[in-house]
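What follows is a short report on a single structure.
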Amino acid sequence: MTTFSDKAFDSKAYSSFRPTYSSILYDTIRDFHNEGFDFNISVWINILFLDESASFDRAVDVGSGTGQATFDLAESLKFKKVIGVEPRFPAAIAHENIQYLNGSSSNLPVEDSSIDLVTSAQAAHWFDFPKFISEVKRVLKPGGTLAVWGYGFVYFPDYPEASKILKEFGEIDMVT
């Protein structure tokens, strides 16, 4: 079995079998980053500030893997620079506005107060969350946004029937 760091790892094949995320997710992130929401966020996540001058200069995608969400941040949300951070540094999706760096959730390789958006798509379960939040507080600019998500927003564009089945499975009441 090959891993991300192996030269034989085929990131294109791996990516082709991974689900993508709906444009609704990215619209929600953009809207929140632009406008915020009118609700009280718990104290431990007080790194989310409402700031009318939100910018789309620099984003960091933590646990970027092969770069699927990283690419969407550059392409869909139009960030001027997106940094994909991954400890195993795989061959990832290329884009002129993306730079991939070796790093981890507890040691982000970026300067203090330099990032507008920090994301993690389907990777946060690997993190030491208190250290991750500390790093997010360090790197986010005032008015910056943290967005963490998993497969709850999954969508397979080439397999709509699979998307439907997964959606229906997610709606099952698992409480007995």
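Please read all numbers here as calculations on a predicted model, not as lab measurements.
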Whether Ser134 side chain and Pro130 backbone form a donor-acceptor pair below 3.5 Å
no
So, for Ala69 and Ala121, which heavy atoms are closest and what is the spacing to 0.1 Å?
CB-CB, 3.7 Å
Are any non-hydrogen side-chain atoms of Ile115 and Val136 less than 4.5 angstrom apart?
no
Under the rule for side-chain hydrogen bond (donor to acceptor under 3.5 Å, both in side chains), what residues qualify as partners of Asp128, not counting sequence neighbours?
none
With Ala59 via side-chain contact (heavy atoms from CB on, under 4.5 Å) - residues at least two apart:
Leu73, Phe79, Val82, Leu117
Only one of Lys81, Arg30, Lys78 passes side-chain contact (heavy atoms from CB on, under 4.5 Å) with Phe56; say which it is.
Arg30
Okay, side chain of His33, backbone of Leu146: is any donor-acceptor separation there less than 3.5 Å?
no
Tell me if a side-chain donor or acceptor on Glu135 pairs with a main-chain N or O of Ser105 at a distance below 3.5 Å.
no
Output all residues satisfying side-chain contact (heavy atoms from CB on, under 4.5 Å) with Ala123, sequence neighbours left out; order by chain, then residue number.
Ser120, Phe127
State which residues pass side-chain hydrogen bond (donor to acceptor under 3.5 Å, both in side chains) with Arg58; sequence neighbours excluded, sorted by chain then number.
Glu111, Ser114
Partner set under salt bridge (charged side-chain N to carboxylate O under 4.0 Å, His left out) for Asp57, not counting sequence neighbours:
Lys80, Lys141
Contacts of Ser106 that satisfy side-chain contact (heavy atoms from CB on, under 4.5 Å) - sequence neighbours left out:
Ser104, Lys131
Is a donor on one side and an acceptor on the other found under 3.5 Å between the side chain of Tyr100 and the backbone of Ile93?
yes
Salt bridge (Lys or Arg N to Asp or Glu O under 4.0 Å): pairs with one or both residues in residues 63-73, sequence neighbours excluded:
none
